[in-house]
Protein chains: 4
Amino acid sequence: MPRTPEQNNQIRQQRKNQILGAAFEVYTEKGFQSMEMGDVAQKADIGRGTLYHYYKNKTMLMRDVFALKLEEAKITAAKTLSTDQKPIIRLESFFRQELIAHLHHPLRYRFFKYFFEDVHEVYADSAEKVLQDFETNNYQPLMTTFQQAIDDGTIKAMNPTRLTQLFWGAFIGMPAYIDNSDFLQNPQEWIEDAMTILFDGIKKHT
Amino acid sequence: MPRTPEQNNQIRQQRKNQILGAAFEVYTEKGFQSMEMGDVAQKADIGRGTLYHYYKNKTMLMRDVFALKLEEAKITAAKTLSTDQKPIIRLESFFRQELIAHLHHPLRYRFFKYFFEDVHEVYADSAEKVLQDFETNNYQPLMTTFQQAIDDGTIKAMNPTRLTQLFWGAFIGMPAYIDNSDFLQNPQEWIEDAMTILFDGIKKHT
Amino acid sequence: MPRTPEQNNQIRQQRKNQILGAAFEVYTEKGFQSMEMGDVAQKADIGRGTLYHYYKNKTMLMRDVFALKLEEAKITAAKTLSTDQKPIIRLESFFRQELIAHLHHPLRYRFFKYFFEDVHEVYADSAEKVLQDFETNNYQPLMTTFQQAIDDGTIKAMNPTRLTQLFWGAFIGMPAYIDNSDFLQNPQEWIEDAMTILFDGIKKHT
Amino acid sequence: MPRTPEQNNQIRQQRKNQILGAAFEVYTEKGFQSMEMGDVAQKADIGRGTLYHYYKNKTMLMRDVFALKLEEAKITAAKTLSTDQKPIIRLESFFRQELIAHLHHPLRYRFFKYFFEDVHEVYADSAEKVLQDFETNNYQPLMTTFQQAIDDGTIKAMNPTRLTQLFWGAFIGMPAYIDNSDFLQNPQEWIEDAMTILFDGIKKHT
DNA sequence: CATGAATGAGAATTCATTCAT
DNA sequence: CATGAATGAATTCTCATTCAT
């Protein structure tokens, strides 16, 4: 007997998740150009042709990956950044949490690293809109929190947009270059040192 | 009459520079996988076959680009980091100078961004050795200077290797993500804010 | 509905045979260097890309062709050489049969002609091993039969390895050089004359 | 002061010999398709471009190589085959001498092996004429001598054209297949065994 | 829906030949 | 004449995508 439409939908959604997960992994390992649809299919444990039942092409697949991960990041951020703690505390929580997340999925940070590189190739003309959305959905909460911390005098007065971008860049960059063996071997220390640099700077303040 | 060996050498050297320059440009725009030998040839204003007169293949060409740029970076670093000023001053000079360089050669920072991504593909088994060399030649002087600044009490005590990597990552990351329109429009302010974050942290110290 | 694995296997096997047959033909016409993958595809009546679905590259394709033909030759030889007739009779049958086979498949002898030329290019470092195997699988039965004929006094005492090689070389060489119009026009006579030279020599024995 | 025309001619001829020698060597190692003009130039110790002062292209170069070697072979044959000894003795001398020559230039035999393969590619439409000439100049003396040996009853009555071709093929084939280590290690024995097979056959005649 | 076979456009690479000096 | 730099046509090979079952 044929499946009900809901069953079909459910199967379809589950398959999509399977594919999305595989695509995300392959993507963080290789980037857009170098990732191969065959690898995605293999990792998702489905046939190569099956991918194309769910996604018209590589581009559309990656758009979905991007959308999903951006949404996830947005939710995570919202959760951490909208508590009723002091702004500076919320910021520290957010970044510490993200660094800890890197630890559990060591290639996770690469997602954002690659995202900004590939966004124009994947979205073509609508890339600007996507970046705009990213700014609204993902940066905005961060920016607002930075602003609050500026307002309550806990951090220095700075253009909050620029601050957010610089801070975010520095944060993504930290695990991105050179080997991460130190990060993996002494994660606690590494994370605290990274937090210190970002929040307190390297100078000794007397 | 044939050209003299010196003439040939000169031609070869000039042509190599031409190719290296073109390859560097294309590389910083596209990365290893996406750059096409045809683009390099076109940008260098030579025939596609001529590339192969000078470089056995794409990999060897990129190895030469890497070697050249790493060498250049090493020399620049040495110059700035070995003055007789106080360590903290030298560090600030170095990073400020690098950020100013980014301003004049907007794709320059991408080189390092891509380098760490592609090093394994380009060098295969010897990638680890290359990274080792990079650490020795390029990180070492920085690390030493950090150590000196720690020793004279101007910066906080931290594992200098980790510090160097974190700092470098943050520094590369800052201009690497999202649009750089702000950077291009208000370079002076942007640079000073970046310097502040890196050296003083974002917190207000009373 | 997807094909069953057996169906796929069958398709794969059939396609491989198609390709192997085409490759063999093109190879015996041109040799390794000059054969073009495009010709093979065309002769096999498949797309150029499909070749690479089945064989990683030209080299691997030829390795399979070699393996197949060597195996076939081995089986043919075994069949003819292991009857319970007198050794000399078996030898004569074997070579006469091979010459008749040449007649029906005029390019067949070229396979061995080219094989020894290309084996080093196709197998690189393992070429020696392949030749060793060839000697074991294909020469051995012949050698053994020669030895038996020596033992029963029907042929002259000679080092059987050298004898096999010389004999085989002479046998391959006979149809290999100059035009074969005579061979095609008077196959029976040609074959008998070749057999005479090889087995009785050209001298008249009184 | 400029060279005299004769001097120029002499230089030209010497250069040509240099090139011809190099081309012959490369050819016997690789065959027509696989030999590279660069290798010829290198072996001849001249510039790549210089080749083209002497030969319009690869084809013309090889035609000259062929012509030269065929001429040499013809002269050698004439010398050995036109003594006043018995025909059978002359034939044995000729082939023994050729086998000894192989010993000194181990790839020499390949020349004829490749020649018949490449003649059509190198000469295109005139290939038939070239083969005709080869038959006239190189085979004819051999054929005549075979005929004489048939006439004086020392060898069996056979169609002399076919005999020549079969014999020649067998003779070229002997050193051509499988490794020639035995040939190089025990040349005397190898040659005598080869002579025996060709002239006396492998059967024991009582 | 599911699948792997099939495909061809496109990229890397080779190498005989031409050309400027 | 001599040379090596320069070139592009021809070839191998890759991989996203389509197709038959």
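Here is the naming used below: chain letters follow the sequence lines, and residue numbers restart at 1 for every chain.
- Toward the 5' end of DNA chain E, the nearer of the two residues D:Glu36 and C:Leu51, judged by each one's closest nucleotide, is C:Leu51.
- The distance between atom OH of C:Tyr55 and atom P of E:dA6, rounded to the nearest whole Å, is 13 Å.
- Between A:Thr50 and E:dT3 there is a side-chain polar atom (N or O) within less than 4.0 angstrom of OP1 or OP2.
- Residue-to-nucleotide proximity on DNA chain F shows that, of C:Met37 and B:Gly49, the 5′-proximal contact is made by B:Gly49.
- You'll find the ring centres of A:Phe111 and A:Phe24 inside the 6.0 Å limit.
- An OP1 or OP2 oxygen of E:dC1 is reached within less than 4.0 angstrom by a side-chain nitrogen or oxygen of A:Arg12.
- Aromatic ring centroids of D:Phe66 and D:Tyr27 lie under 6.0 Å apart.
- Atom-to-atom, OH of C:Tyr52 to C1' of F:dT12 comes out at 5 Å; the value is rounded to the nearest Å.
- Among the heavy atoms of the strands lying under 4.0 Å from D:Ile46 are primed sugar atoms or P, OP1, OP2 only; no base atom is included.
- One atom, CG of A:Asp45, and another, C1' of E:dT3, lie 13 Å apart when rounded to the nearest Å.
- When rounded to the nearest whole Å, the span between NE2 of A:His53 and P of F:dA20 equals 13 Å.
- Regarding A:Asp39, its CG atom lies at a distance of 16 Å from the C1' atom of F:dT17, rounded to whole Å.
- In terms of phosphate contacts, D:Tyr54 brings a side-chain nitrogen or oxygen within less than 4.0 Å of OP1 or OP2 of F:dA2.
- Between A:Phe116 and A:Phe134, the ring centre distance stays below 6.0 Å.
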Using salt bridge (Lys or Arg N to Asp or Glu O under 4.0 Å), reason through B:Glu36 and B:Lys43 one step at a time and then give a plain yes or no. CA-CA 11 Å; B:Glu36 289 175 26; B:Lys43 191 151 258 169; over 6 Å; no
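- One interatomic measurement links the two molecules: CE of B:Met35 to C1' of E:dA12, which rounds to 12 Å at whole-angstrom precision.
- Atom CZ in A:Arg48 sits about 16 Å away from atom P in F:dC19, given to the nearest Å.
- Two residues, C:Gln7 and B:Asn8, neighbour DNA chain F, and the one matched to the more 5' nucleotide by heavy-atom proximity is B:Asn8.
- Taking atom CG on B:Leu61 and atom P on E:dT13, their separation rounds to 10 Å, with Å as the unit.
- The 5' end of DNA chain E is approached more closely, in terms of each residue's nearest nucleotide, by A:Gly47 than by the other of B:Asn57 and A:Gly47.
- A cation-pi contact, defined as under 6.0 Å to the ring centre and within 45° of the axis, is absent between A:Lys69 and A:Phe115.
- Residue D:Arg15 is in sugar-phosphate contact alone, with no base atom involved, counting any heavy-atom pair closer than 4.0 Å across all strands shown.
- Of the nucleotides present, F:dT3 is the one that pairs with E:dA20 by Watson-Crick or G-U wobble criteria, both distances under 3.5 Å.
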